[in-house]
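Here the structure is a predicted model, which means the values were calculated and not measured. Numbering starts at 1 and runs along the sequence shown.
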Amino acid sequence: MYVGLVVLGALAVLAAGPYSGIEPVTLVLLAVLFVVAESISTMVDNGGGEGDRTGISPSSSAALAAVVLTGPVGAAVVGFCSVLVVLRRQNLVKRFFNGAQFALAGYAAGHAYLLLGGRMGIPDRDDFPWIVLPYTVAILVHTAVNGALIAGLLRCLGVLRLRRPGRMRWRPVVGLELASLGYAMLGLLIAAIWGLVGPFAVLLVLLPLFIARWAFDQYVAEQRAHDATLATLAQAVETKDYYTRGHCMRVSKASGMIAQELGLSAERVRNVRYAGMLHDIGKLGVPTKVLQKSGRLTEEEFAAIQLHPMRGYEIVREIGFLDEALAGIMHHHEKMNGRGYPMGLAGEDIPECARIVSVADVFDCITSTRSYRKARSVQEAIAELRRCAGEQFDPEMVEALVRAVERDGWDPPVDIEPPDDGADVAQQDHDDPSVPLRVAGEGER
């Protein structure tokens, strides 16, 4: 229903015209530029890994150039040509919605531009700098209409709830809009040089756009290679214990959820995810017979477990891109009361990344089945985290996790059946605060 109304609105605008004063060749070239630019959109990582990416394309530069060169109706035609983007795997409904959305945004931006004194056609030297004001307003109107139409669609799909505005993560949206505004300003450049070189202006704009797209793709490919490499390291750790299969990746996910809820930048969210992924990498340096021991630990064995954050740091410290993640790996077993390890840091002396991973680590441990107990519910895990907040965990991190889980949900792991080969499995877990480790010669830790 909503999509149908938007498409009908766009078709009405296109049918009503008028088309007088629009240069057909200019209109066609701008439409080609728009379709090509829309086809080379790039997926931007918001920091949350796979499934948390947003597409951004330079097509708004062509749409806003059309506002200046061909007016509101021409801009609507150019925007509607989004339907012709064939490189994306989209169904017809989505194609027509996108086309109608861009058409209506271009049409409204064109009228705003003319209303504030902008002139349709190639701008000349006398138009500057005054043209910047109506053009800037046109950009804002284009963004506002575009955003309103998308918000309406999200509202109809149930993704956006007006009664819970605080549940929306606005930071990625704001970052995306700022990037789009940068592309939109290029539209005025296209319109200005159109008067000097004519249609060749299309090539002058497309070439740097393609180069920028190629460079960004290399960056994205590098990020994916990093993720794959770290995931392989994490899997190597989990081969030591059947009951912790998938633990590192789930801690990575939960850590990213907390970081996003706290409003950290995409770069920091990525580092926090890396810390969650590799937080137990130091177990590679702990004898398997200690990790899987079913009886009491001796003091020496417990000391070996306590060393795993330091071992982890030593294993990955030469990986340059880990940056802040190194602190998360080394200090994720510190406690707010200073009774953690390896350095006994307390309060905010514990790096923020480590305080995040600590909460995510225990949350996944409690909601996972272990050899000595069944998985507990998400609600029980939250209650346990809140019980230990202040003493063991940073209360801010705990509440951030609670908000993120309430908004996005959490899928506990499927129970794992150990193999029938007589392999040993651990009867205790140093991550589980409800089942403290028993150390020979000492009380419970």
Pair Met330-Arg317, side chain to side chain contact (heavy atoms under 4.5 Å, CB included): steps then yes or no: CA-CA 10 Å; Met330 184 169 176; Arg317 65 181 175 182; over 6 Å; no
Worked verdict on Leu262 versus Met397 for side chain to side chain contact (heavy atoms under 4.5 Å, CB included): CA-CA 8 Å; Leu262 294 173; Met397 308 307 174; 3.4 Å; yes
Plane angle bin for Tyr341 and His333 - parallel if under 30°, tilted between 30 and 60°, otherwise perpendicular: parallel
Check: Asn146 and Phe102 side chains under 4.5 Å, non-hydrogen atoms: yes
Between Asn337 and Gln392, a side-chain donor and acceptor under 3.5 Å: no
Residues Trp194, Leu29; criterion side chain to side chain contact (heavy atoms under 4.5 Å, CB included); working and verdict: CA-CA 11 Å; Trp194 199 281; Leu29 288 174; 3.9 Å; yes
Partner of Phe363 under side chain to side chain contact (heavy atoms under 4.5 Å, CB included), chosen from Leu385, Val251, Ile258, Val402: Leu385
Pair Glu314 + Arg311, salt bridge at N-O below 4.0 Å: yes
By side-chain hydrogen bond (donor to acceptor under 3.5 Å, both in side chains) - contacts of Glu222 (at least two apart): none
Side-chain touch Phe80/Val77, heavy atoms, less than 4.5 angstrom: no
Over all atoms of both residues, closest heavy-atom pair of Gly312 and Ile281: CA-CG2, 3.4 Å
Carboxylate-amine/guanidinium contact Glu384 Arg387, below 4.0 Å: yes
Sub-4.5 Å side-chain heavy-atom contact between Leu116 and Trp130: no
Closest approach of Gly390 to Met336 (non-hydrogen atoms, all atoms of both residues): O-CB, 3.2 Å
Distance-minimising heavy-atom pair for Ala75 and Thr70: N-OG1, 3.5 Å
Arg386 vs Glu399 side-chain heavy atoms within contact, under 4.5 Å: yes
Minimum side-chain heavy-atom gap Tyr313-Leu278 below 4.5 Å: no
Flag side-chain contact, heavy atom, 4.5 Å: His308 against His332: yes
pair Glu261-Arg407: side-chain heavy atoms closer than 4.5 Å: yes
Sequence neighbours excluded, every pair satisfying ring pair (Phe, Tyr, Trp, His ring centres under 6.0 Å) that has a member inside residues 259-278: Tyr274-Phe321
Heavy-atom check, side chain of Asp394 versus side chain of Val359, under 4.5 Å: no
